[in-house]
> 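Can you keep this structure in mind? I'll have questions shortly.
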There are 4 protein chains.
Amino acid sequence: MMLLVDVHDPGRDPHAAEFVDLQAQGVRVRRIGRHRIAMISDDRPDLVQQVRQGWPEARFVAVQSGSPLTERDTFGESTVVQVGDVLVGGREFVVMAGPCAVEGVAELRETAAAVAGAGAQVLRGGAFKPRTSPHAFQGSGGAGLSLLARTGREFGLPVVSEVVDPRDVERMAEDVDILQVGARNAQNFSLLAEVGRSGSPVLLKRGFGCTVEEWLGAAEYILAEGNPNVILCERGIRSFDSVTRFTLDLAVVPVLKQRCHLPVVVDPSHATGHRDLVAPMALAAAAAGADGLLVDAHTRATSTKCDGPQALCADKFGRLMASLRALLPTVNRTLPSRRLQVAG
Amino acid sequence: MMLLVDVHDPGRDPHAAEFVDLQAQGVRVRRIGRHRIAMISDDRPDLVQQVRQGWPEARFVAVQSGSPLTERDTFGESTVVQVGDVLVGGREFVVMAGPCAVEGVAELRETAAAVAGAGAQVLRGGAFKPRTSPHAFQGSGGAGLSLLARTGREFGLPVVSEVVDPRDVERMAEDVDILQVGARNAQNFSLLAEVGRSGSPVLLKRGFGCTVEEWLGAAEYILAEGNPNVILCERGIRSFDSVTRFTLDLAVVPVLKQRCHLPVVVDPSHATGHRDLVAPMALAAAAAGADGLLVDAHTRATSTKCDGPQALCADKFGRLMASLRALLPTVNRTLPSRRLQVAG
Amino acid sequence: MMLLVDVHDPGRDPHAAEFVDLQAQGVRVRRIGRHRIAMISDDRPDLVQQVRQGWPEARFVAVQSGSPLTERDTFGESTVVQVGDVLVGGREFVVMAGPCAVEGVAELRETAAAVAGAGAQVLRGGAFKPRTSPHAFQGSGGAGLSLLARTGREFGLPVVSEVVDPRDVERMAEDVDILQVGARNAQNFSLLAEVGRSGSPVLLKRGFGCTVEEWLGAAEYILAEGNPNVILCERGIRSFDSVTRFTLDLAVVPVLKQRCHLPVVVDPSHATGHRDLVAPMALAAAAAGADGLLVDAHTRATSTKCDGPQALCADKFGRLMASLRALLPTVNRTLPSRRLQVAG
Amino acid sequence: MMLLVDVHDPGRDPHAAEFVDLQAQGVRVRRIGRHRIAMISDDRPDLVQQVRQGWPEARFVAVQSGSPLTERDTFGESTVVQVGDVLVGGREFVVMAGPCAVEGVAELRETAAAVAGAGAQVLRGGAFKPRTSPHAFQGSGGAGLSLLARTGREFGLPVVSEVVDPRDVERMAEDVDILQVGARNAQNFSLLAEVGRSGSPVLLKRGFGCTVEEWLGAAEYILAEGNPNVILCERGIRSFDSVTRFTLDLAVVPVLKQRCHLPVVVDPSHATGHRDLVAPMALAAAAAGADGLLVDAHTRATSTKCDGPQALCADKFGRLMASLRALLPTVNRTLPSRRLQVAG
C-alpha cells in the first residue's frame with residue numbers, strides 16, 4: 001500500500017533542503033502543476049509522522065492505482081501545458097500540423113507557411129522515424145531537426161518532433177519545444193524517465209496495443225521524474241478490422257478527461273491512414289472534448305517518402321480549420337485567429 | 001465473376017411479367033432505392049444478350065465485392081429510409097431514444113414524453129432481449145411490444161425494437177416500424193433474409209466481432225431480398241481494452257459514407273456502457289457525419305433491470321439534444337424542432 | 001441471487017409428476033449428465049423449504065455466474081457425449097473429418113472412405129453454409145444433408161453438420177447425429193434454445209468475437225432446455241494479425257477443462273485457413289488436452305467451392321492421424337484403431 | 001526496390017577489405033548464419049555490376065519484404081544459435097527456466113538447482129523489470145545481474161536476462177549469455193540496433209500488439225547490424241478476452257518455421273498468467289514445433305514480488321519436464337538428459 005501526500009504550496013521547491021532528508025528515506029518528492037508538490041512513499045508510520053509535523057496542512061491520499069500522479073481525483077484541477085506562448089489544455093483548441101517527415105527546406109517552409117496561415121499553433125515534423133523495417137527511410141536525423149527548429153522560429157511556431165533514444169533527449173530538447181514519444185516507445189521506460197528528467201513538454205502517444213491504464217502508467221513515469229508537462233495523444237489502437245490503419249478510440253477522450261488532469265490531443269492521420277477520413281475524425285475528436293489535434297499536412301502530399309496517403313494538402317487543411325472554427329464554439333472551445341506567418 | 005445490371009426505371013416493378021423469365025434462369029431482380037432495379041447474375045453471355053435486348057438503356061457493372069447492392073459506386077445516390085414521416089439519411093439528423101428494455105406502462109410513457117419533448121423522432125424499446133445468460137431477464141416479449149407500439153402511437157413516434165427469431169418477423173412487423181437486428185444476430189443469415197422479405201425498415205447493428213466487409217455482406221442479405229430500407233448502426237466492437245464496454249469505431253462513419261449508399265446511425269450507449277460517456281460520443285458521431293443516433297434514455301435510469309448504468313435520464317438527454325442542436329448546423333445537418341408530445 | 005439444487009438421482013425423470021408443481025412456480029428442472037437433476041430458481045425461502053422437504057439429500061448451490069449448468073464445480077464429473085457408439089469426452093480422442101461443404105456423391109464417398117480408413121470416427125460435411133455474401137455458394141441444402149446421412153451410414157460414421165435456422169432443427173435432427181451451431185450463430189439464442197429442445201448432441205462453436213464467459217452462456221441456453229449433450233469447439237477468434245485467418249486460442253482448452261464439465265474439441269482448419277498449419281495446430285490441440293478435432297479433409301482438396309485452401313488431402317490427413325496416434329498416449333489419451341470402412 | 005546478394009562463402013569476413021568500398025557506397029554487408037554473407041543495397045546497376053565482378057558465384061535476390069534477412073526462402077537453411085554449449089534451434093528442445101525476477105541468493109540457488117536438476121539448459125532471471133507503474137518493484141538491477149551470472153556459472157547454465165536501455169547493452173553482454181528484448185521494447189529500434197551491434201545471442205519477444213510482419217521487422221534490425229544470433233519468443237498477444245492474461249498465438253510457431261530461418265521459443269507463463277495453464281500450453285508449444293520454452297519457475301512460488309501466480313514450483317516444473325520428455329520424441333525432438341547440478 002502506498003501513500004501520496006499533496007502539499008498545496010507554490011512557494012516551495014521540490015529540491016529544497018527541507019525535502020532532502022525525506023528523499024534519503026525513499027520518498028519521491030515531485031512538483032505537480034504549478035501550485036502543488038506530491039510526496040509518494042510506502043505507507044510507513046514513521047514517515048507519515050515526520051511529514052505531518054513538517055507540513056501540517058498536507059492532504060494524505062491512499063494510492064489505489066499505479067499512476068496516482070495522473071489522477072484528476074488526486075489533484076482536482078486540470079493541467080495546462082505551456083509551450084512558448086501556446087497553452088495546451090486551456091479553452092483554446094490547439095492544432096499541431098506539418099509533414100510526417102522533414103524532407104526538404106522548400107517543402108517544409110511551404111507547409112509551415114500554409115498551416116500557420118490556416119491557424120495551426122505548433123509545427124510538427126519527424127526527423128527520427130521509427131519504421132517497421134530497418135531498410136525503410138529512417139528520417140533525416142539531426143539535419144532535419146535543425147531545419148525544423150529554424151523553420152518553426154521563422155514562422156513563430158513552437159515545434160514538436162519524435163525522440164526515439166534516451167541518449168538523444170538532452171540534445172533534442174535544445175531544438176524541439178515538445179518531445180514526442182511515439183506509439184512504439186510508449187512503454188520504453190528508459191526513454192520515458194529521460195524525457196521526464198528533461199523537464200520539456202512531452203507529447204505521449206498511446207501505444208497501439210496499450211490499455212488506458214498502461215498509458216497512464218507511462219505518463220506516470222514522466223510525472224514521477226518531476227516533469228508535469230505531459231500531453232496525451234490518442235492515435236488509434238490495433239483491432240481486427242483493417243478497413244482503417246488503426247481504430248481511433250475516441251471514447252478515451254472523455255474517459256481521460258474524467259480520470260486524468262492532463263491535456264488530451266488526437267492524431268486522426270496515423271489512426272485512419274486515409275486522407276479522406278482525417279477531417280471527419282478531427283471534427284469528431286473536437287466534439288468529443290479533445291484539447292487539440294496532431295495532423296499530417298504537406299503541401300506536396302502526393303510525393304512524400306513517408307505516410308503520403310494520409311497527409312492533407314494545404315487546401316484540405318484550410319477547409320478542416322474552417323470547419324473546426326465553426327464547430328468548436330458549440331462545445332465551448334475556440335480556435336485562435338491566424339498567427340502572423342513570418343516572425344520579425 | 002458476377003454481373004450487376006442497373007436499370008434506372010421507376011415505373012417498373014421487380015415482380016412484373018417481363019422479369020419472370022429471367023428469374024427462372026437464376027437472375028435476382030431487386031428494387032434499389034426508389035428509382036432503380038438491379039439484376040444480379042452470373043456473367044453468362046446468353047443472359048447478358050437477353051438483358052441488353054430487353055433493357056437497352058441498362059448499365060452493366062462487373063461485381064468486385066460480395067455486397068454490390070450496398071455500394072455507393074454502383075448507384076451513386078444516397079438511400080433515404082422513410083419511417084412514417086421521418087426520413088433517415090436526409091439532411092435532418094434523427095435521434096431514436098427510449099429505454100433499453102420495455103418494463104412498465106407508466107415508465108415507458110414518462111420516457112416517451114420526455115424524449116419526444118426533447119426532439120427525438122423515433123421511440124426505441126426492447127421487448128425481446130438477447131442476454132448472455134438464459135437466466136437473465138429476457139424482456140417482456142409480446143406484451144412489451146404491444147405496449148411499445150401503443151405508446152409510440154400516443155406520442156406520434158414511430159418505434160424500433162429488436163427481432164431475434166425469423167419466426168417472429170411477420171408478427172413484429174405489424175407492431176414495429178423499424179425492425180432492429182442486434183449485434184449478436186448480425187450474421188444470422190436466416191433472420192436477415194426474413195427481415196429482407198418483410199420489406200420493413202431494418203436497423204442493422206454491426207456485430208461486435210464483424211469487419212465492415214462482413215457488415216455490408218449482412219446488409220446485402222437484406223437488400224438481396226428486395227428490401228432497400230436498411231439503416232446501418234455502429235455500436236462498438238471488441239478490443240483489448242475494457243475501459244469502455246466496447247470500442248466505438250467512429251471512423252467507420254466516413255468509411256461507410258464513402259463506400260455505401262445506406263444511412264448510418266451510431267449507438268453511443270451500448271458502445272461505451274457508461275452514462276457519462278454517451279453525450280461526448282453522441283456529439284462526436286454527429287461531427288463525424290452520422291445520420292442519427294440510437295440512445296438509451298430512461299426517466300428512472302437508476303432502477304432499470306437492463307443496462308441501467310448507460311441510460312440517460314430526462315435531464316441529461318435534454319442537454320444532449322440542446323448540444324446537438326447547436327453543433328449539427330456546423331456540419332450541415334439540422335435537428336427538427338420538437339414534435340407534438342401527444343397525438344390527437 | 002439464484003439458487004441451483006443438485007439432486008444426484010438417476011432414477012427420476014425431470015418430467016415426473018413430483019416436479020410439476022415446482023415448475024409451475026418457475027423452477028427450471030433439468031437433467032445434467034446421466035445421474036443428476038438440477039433445479040434452478042430464484043432464491044425464494046418458500047421454494048427452498050419445499051425442495052428441502054421433497055429432496056432431503058439435495059445439495060444447494062448459490063449461483064455466481066450466468067452459466068451454472070456448465071460449471072465443473074457444480075457437478076464435479078465430466079460429461080461424456082455419446083454419438084452412436086462414439087464417446088466424446090472420454091479417454092478416446094475423437095477426430096471428426098470431412099469436406100467443408102458436401103458437393104458430389106463420388107467426392108463425398110471418396111473422402112469418407114479415406115478419413116474412416118485413417119481412423120476418423122465422425123464424418124463432417126456442410127449442407128447449409130453461412131457465407132459472408134448472399135451471392136456466394138450457400139451449400140447444397142437438404143439434398144446435401146441426405147447424401148451426408150447416407151454416406152455416414154455406409155461407412156459406419158455418425159455425421160455432424162451445421163444448422164442455421166431454428167425452423168430446420170427438427171428435420172435436421174433426423175438426418176444428422178450432431179447438430180453443429182456455427183461461429184456466426186454462437187449467440188443466436190433462438191437457435192440455441194431449439195437445439196436444446198431437440199435433445200440431439202450439439203457441437204457449439206465459439207463465436208469469433210465471443211469471450212469464454214459468453215461461450216459458456218451460449219452452452220447454458222442449450223443445457224437450460226434439458227439437453228446435456230453439448231460439445232464445445234474452439235475455432236479461432238478475431239485478433240489484429242491477419243497472418244492466420246483467425247487466432248486459435250488454445251489456452252481455452254485447459255481453461256474450459258478446469259471450469260466446465262463439457263467436452264472440448266478444436267477446429268484447426270477454419271482457425272488457421274492454411275493447409276500447412278493444420279497438422280501442427282491439431283497436434284498442439286491434442287497436447288493441450290482437447291477431447292478431439294474437427295478437420296476439413298477432402299480428397300480433391302484443390303478443386304472445392306468452399307474453403308479449399310485449408311482442406312487436407314487424404315495423404316496429409318493420414319500422416320496427421322499417424323502423428324496423433326504417436327503423440328496421444330504421452331498425454332494419456334488414445335486414438336481408436338481404424339474402423340471398418342464399409343458397414344454391412 | 002531493393003536487392004539482396006547472397007554469398008555462400010564461409011571463409012570471408014564482412015569487415016574484410018574487399019567489402020570496404022561497397023560499404024562506402026551504402027551497401028550493408030552482413031554475416032547470416034555461419035556460412036553466408038548478405039549484401040543489401042538499392043537496386044543500382046553500377047553496384048550490381050561491381051558485385052557481379054567481385055563475386056561471380058553470388059545469388060541475387062529481389063527483396064519483396066521489409067525483412068529479407070529473416071526469410072527462409074532467401075537462405076534455405078535454419079539458423080542454430082549457440083549459447084555456451086547449448087544449441088537453440090537444433091534437434092534438442094531447449095528449456096530456459098528460472099524466476100521472473102532475481103530476488104535473493106538462497107532462493108535463486110534453490111531454483112537454479114531445481115530447474116537444472118529437472119533438465120533445463122538455460123537459467124532465466126530478470127534484473128531490470130519493465131513494470132506498468134514506476135512505483136512497482138523495478139527489479140534488483142546490477143546486483144541482481146551479477147548474482148544471476150554467478151549462479152549460472154555455479155550450475156553450469158548459461159543465463160538469459162532482459163535489457164531495457166541501449167546504454168546498458170555493453171555492460172550486460174559481459175554478464176549475460178542471452179540478451180532478452182521484452183515485449184514492451186519489441187519496437188524500440190535503438191535498443192534493437194544496440195543488441196545487434198553487441199553480437200550476443202538475443203531472445204526477441206513479440207510485442208503484444210505486434211503482427212508477425214512487425215516482429216520480423218524487429219528481428220531484421222538486429223540481423224541488419226550483423227548479428228545473426230536471434231531467437232524469437234512468442235509470449236501472447238492482446239485480444240478481447242481476459243480469461244487469460246494474453247492470448248498465446250501458437251499458430252505463429254509453424255508460420256515462423258515456414259517463413260523464417262530463426263529459432264522460435266514460447267513463453268507460456270507470461271502468456272497465460274496462471275500456473276495451471278503453463279504445462280498444457282508448454283506441451284502444446286512443443287507439439288506445434290517450437291524449439292524451446294521460456295518458463296517462470298520458482299521454488300518459493302507463492303511469495304515472489306513479481307508474477308508469482310504464474311510461476312511453477314519445483315514439483316510442477318519437474319512434472320512438466322517429464323511430460324515433455326515423453327512427448328518430444330513423437331514430434332522428432334529430444335530433451336537432453338539432466339545436466340550436472342553443480343559445476344566443478
Side-chain angles (χ1 to χ4, degrees), chain C residues 206-216 234 236-259 264 266 268 271-290 322-332, chain D residues 206-216 234 236-259 264 266 268 271-290 322-332:
Chain C
R206 179 185 190 179
F208 48 64
C210 287
T211 62
V212 164
E213 190 190 339
E214 290 168 332
W215 189 11
L216 293 177
E234 162 66 23
I237 57 173
R238 280 273 147 86
S239 86
F240 59 82
D241 198 351
S242 57
V243 73
T244 47
R245 199 162 145 188
F246 294 92
T247 296
L248 188 64
D249 185 8
L250 275 187
V252 299
V253 173
V255 165
L256 289 168
K257 283 294 175 188
Q258 282 170 26
R259 187 178 294 189
V264 182
V266 171
T272 61
H274 294 287
R275 185 175 294 127
D276 291 344
L277 304 177
V278 171
M281 297 321 289
L283 295 172
S323 299
L324 284 169
R325 210 174 290 285
L327 183 148
L328 282 162
T330 72
V331 288
N332 296 314
Chain D
R206 180 185 189 179
F208 49 64
C210 287
T211 62
V212 164
E213 190 191 339
E214 289 167 333
W215 189 11
L216 293 177
E234 162 66 23
I237 56 173
R238 281 272 146 87
S239 86
F240 58 81
D241 198 350
S242 57
V243 73
T244 46
R245 198 162 145 190
F246 294 92
T247 296
L248 188 64
D249 185 9
L250 276 187
V252 299
V253 174
V255 165
L256 289 169
K257 282 295 175 188
Q258 282 169 28
R259 188 177 293 187
V264 182
V266 171
T272 62
H274 294 287
R275 185 174 294 127
D276 293 343
L277 304 177
V278 172
M281 298 322 287
L283 295 172
S323 299
L324 283 169
R325 211 173 290 283
L327 183 147
L328 281 162
T330 74
V331 288
N332 296 314

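Computed from a predicted structure; not experimentally measured. Letters go in sequence order (proteins before strands), and every chain restarts at 1. Only this structure's heavy atoms are used, side chains among them; waters, hydrogens and symmetry mates stay out.
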> Just so I understand: if I count every heavy-atom pair under 4.5 Å between each of C:T272, C:T211, C:I237 and chain D, which residue has the most?
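Looking at each option in turn, the highest pair count goes to C:T211.
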
> Tell me, do D:L250 and C:L248 make a side-chain contact under 4.5 Å, heavy atoms counted?
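Heavy-atom side-chain distance check fails, nothing below 4.5 Å.
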
> Between D:L324, D:L328, D:T330, which is the residue that forms a side-chain contact (heavy atoms from CB on, under 4.5 Å) with C:T330?
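Filter result, single survivor: D:T330.
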
> Among D:P254, D:S242, D:A286, which residue has the highest count of heavy-atom pairs closer than 4.5 Å to chain C?
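Looking at each of D:P254, D:S242, D:A286 in turn, D:P254 comes out on top.
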
> Quick check: does any side chain N or O of D:D249 sit under 3.5 Å from a backbone N or O of C:T247, one acting as donor and the other as acceptor?
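Side chain of D:D249 to backbone of C:T247, a donor-acceptor pair under 3.5 Å: no, none is there.
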
> Do you know the tightest heavy-atom contact between D:M281 and C:A288?
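Heavy-atom minimum between the residues: SD-CB, 4.4 Å.
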
> Which heavy atom of D:A287 sits nearest a heavy atom of C:A287, and at what distance?
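In this case the closest contact between D:A287 and C:A287 is CB-CB, 3.8 Å.
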
> Hey, which of D:G209, D:G236, D:A326, D:A282 has the most heavy atom pairs under 4.5 Å with chain C?
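Greatest number of close heavy-atom pairs with chain C: D:G209.
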
> Hey, are the side chains of D:L277 and C:Q258 touching, using non-hydrogen atoms and a 4.5 Å cut-off?
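Contact flag for D:L277/C:Q258 side chains = yes.
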
> Between C:S239 and chain D, with a heavy-atom cut-off of 4.5 Å, which part of the residue counts as in contact: side chain, backbone, both or neither?
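Contact with chain D involves the side chain of C:S239 alone.
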
